[in-house]
Amino acid sequence: MDILETIAAIATPPGPSARGIVRLSGSRAWPIAIETFHPDRPWPAPRYPEIGSGKLAIDGLTPRLPAMVALWPAPRTYTGQAIAEIHVVGSPPILDLLLTHCLTRGARPAEPGEFTLRGFLSGRIDLTRAEAVLGVIEATNASQLDAALQQLAGGLSGPILALRDRILDVVAGLEASLDFVDEPDVDPVERSILSAGLDEAADHLTDLARRLDDRNRPEGYPRVVLVGPPNAGKSRLFNALLGRDRAIVSPMAGTTRDYLTALVACDGLTVELVDTAGIEEAADALESRAQEHRARQSDRADLLLDCWPAPWGPRPVSNRDGRPRLHVETRIDEADRRVASGPIATSSKTGEGLAVLETAIAEALRNGDSGANLPIGTAGRCRGSLLAAIEALRSGSESIQIGAGDELIAFDLRLAVEELGKVVGAVVTDDILDRIFRRFCIGK
Ligand SMILES: Nc1nc2c(ncn2[C@@H]2O[C@H](COP(=O)(O)OP(=O)(O)OP(=O)(O)O)[C@@H](O)[C@H]2O)c(=O)[nH]1
Ligand SMILES: [Mg+2]
């Protein structure tokens, strides 16, 4: 891939739309774009970002369609190179003609993510921001979009870069003292301060890694898991929230054995709803498998819906494990009288309370640690590096405490610096580049 070649791509999504855009980046971007249209007014190539309007003038297209050309000079652009955009009516055959026109005049088709890759290679954006761009494009709900936008604004790379800088300073200090063999190693007071600092940094990163773990699911939706005793009406509630009969419902206790998942929209938030087996003592191997499934699902839940049927009377006090949960009263149409306060009261038969439940789910998830959200791609890529950095920092701190020599400490810290560098993209391997940019769409 030669990044000095001029590239072109249709930058708007496939299919007809009100407006379509062909984007070009590289030294020939401006001349090629200017050639595609007759400006309404004489238009000398500008030195500042500028937009000109006119009529499209390309081979094979007789009607003179209105077009707009926008030009941005290098280097303060998304790619760091000269960029041009041609805006026309978003008709796929016209966009194809326009792109072909650009390709016959010296541009080549852009690879997926190549615009963003150029931005990264020219130092305009760091890797976590490139991923944030991807996160914005791929966001399927408001909270994912928030996370991506926050990262785009430097949410993740800022603090890690600062931490990495501080460790680099320490390494530089240690290595400088290595050059003076006569001088003693760092004195004991300084050592204990240093060791505490490293531990603190490791704690901070551990917290970050934990939050990454929470976010690192391929599908990326918050998981809402139905739990409760057998016959509580979990499966029927699952169906009711889903709007169709997926799960088997029966008056027999222990109906659900496997767990079922489905995507459900709750108040504008897409969640993965999970139906599980009722909580009970397992009498045989099959039941104990069902309980294992249930336990694993509730361990991975972002929110538990703890179901208890209203006709059964007051709910026994359950021991709380600190997980976010909503108490849901079920089957209230069968109860003689409504429980006065507390849980959300629902009936899957009449539909009562379902809207309230949906709003409560969305609210609980939105109030959860939203600040900790990270785009999913970043989470997956960074996890290994963060764990390696944490280990290196802890080992560095230990070396200090047992009075190891400066070289050893410096070695650990260098390792931490390198791993943190991978997270923010200061140290980049081909493997990382490939993993990130392969997921982009063409034109971005
Ligand atoms: N009247 C009424 N019956 C309900 C309601 N919800 C569930 N039921 C009935 O209660 C029984 C048990 O419902 P399920 O949804 O299978 O219960 P479950 O919690 O999934 O039970 P297990 O899978 O065995 O753990 C079935 O006969 C349902 O028809 C409700 O809101 N109103
Ligand atoms: Mg069930």
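Note that the numbering runs from 1 along the sequence shown for the chain. Ligands are counted one by one from 1 in listed order, and the atoms in each one are counted from 1 as well.
- By the neighbour-count criterion of 12 heavy atoms within 6.0 Å, atom CZ of F411 is sparsely surrounded, having that number or fewer from other residues, nucleotides or ligands.
- Within a 6.0 Å sphere centred on CD of E391, heavy atoms belonging to other residues, nucleotides or ligands number 12 at most.
- Contacts between A247 and ligand 1 below 4.0 angstrom, taking non-hydrogen atoms only, are absent altogether.
- From the protein, the heavy atom lying nearest to atom 1 (N) of ligand 1 is D333 OD2, 2.8 Å.
- Residue D275 has no N or O atom closer than 3.5 Å to an N or O atom of ligand 1.
- Of all non-hydrogen atoms in S347 and T350, the two that sit nearest each other are OG-N, 3.0 Å.
- Looking at L393 and I167, their side chains come closer than 4.5 Å, going by heavy atoms from C-beta outward.
- At least one cation-pi condition fails for R246 and F238: the charged atom is not both under 6.0 angstrom from the six-membered ring centre and inside a 45 degree cone around its axis.
- Within a 6.0 Å sphere centred on CD1 of I51, other residues, nucleotides and ligands contribute 12 heavy atoms or fewer.
- Residue T346 places no N or O, backbone or side chain, under 3.5 Å from any N or O of ligand 1.
- For atom 23 (O) of ligand 1, the closest non-hydrogen atom on the protein side is T256 OG1, 2.8 Å.
- Counting only heavy atoms from C-beta outward, the side chains of I7 and L24 never approach each other to under 4.5 Å.
- At least one N or O atom of T255 sits closer than 3.5 Å to an N or O atom of ligand 1.
- Residue R331 holds the heavy atom nearest to atom 10 (O) of ligand 1 of all those in R294, E352, R257, R331.
- Here E114 pairs with R118 in a salt bridge; the nearest charged N to carboxylate O distance falls below 4.0 Å.
- Panel note: side chain T276, backbone L226; a donor-acceptor pair is recorded below 3.5 Å.
- Around atom 3 (N) of ligand 1, the closest heavy atom drawn from K349, K234, R236 belongs to R236.
- Polar contact check, G278 against ligand 1: a nitrogen or oxygen pair lies under 3.5 Å apart.
- Rounded to 10°, the angle formed at the Mg ion (ligand 2) by OG of S235 and OG1 of T256 is 90°.
- Salt-bridge annotation for D306 and R325: present, with a side-chain N of the basic residue lying under 4.0 Å from a carboxylate O of the acidic one.
- For the residues V227, V249, L226, the heavy atom positioned nearest atom 28 (C) of ligand 1 is part of V249.
- When P311, S347, G254, P230 are checked for heavy-atom proximity to atom 24 (O) of ligand 1, G254 turns out nearest.
- Of the protein's non-hydrogen atoms, the one nearest atom 21 (O) of ligand 1 is N231 N, 2.9 Å.
- Evaluated by nearest non-hydrogen atom to atom 11 (C) of ligand 1, the leading choice among A240, P229, S250, A290 is S250.
- Comparing G233, P309, P251 by heavy-atom distance to atom 27 (O) of ligand 1, the nearest is P251.
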**Request:** Could you please spell out the steps behind the salt bridge (charged side-chain N to carboxylate O under 4.0 Å, His left out) verdict for R394 and D203?
**Result:** CA-CA 9 Å; R394 298 245 186 257; D203 288 345; 2.9 Å; yes
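- In summary, the atoms of ligand 1 found under 4.0 Å from a heavy atom of M252, numbered by their order in the structure, are 24 (O).
- What sits closest to atom 31 (O) of ligand 1 on the protein, heavy atoms only, is S348 N, 2.8 Å.
- Between A253 and ligand 1, no N or O atom pair is found at a separation short of 3.5 Å.
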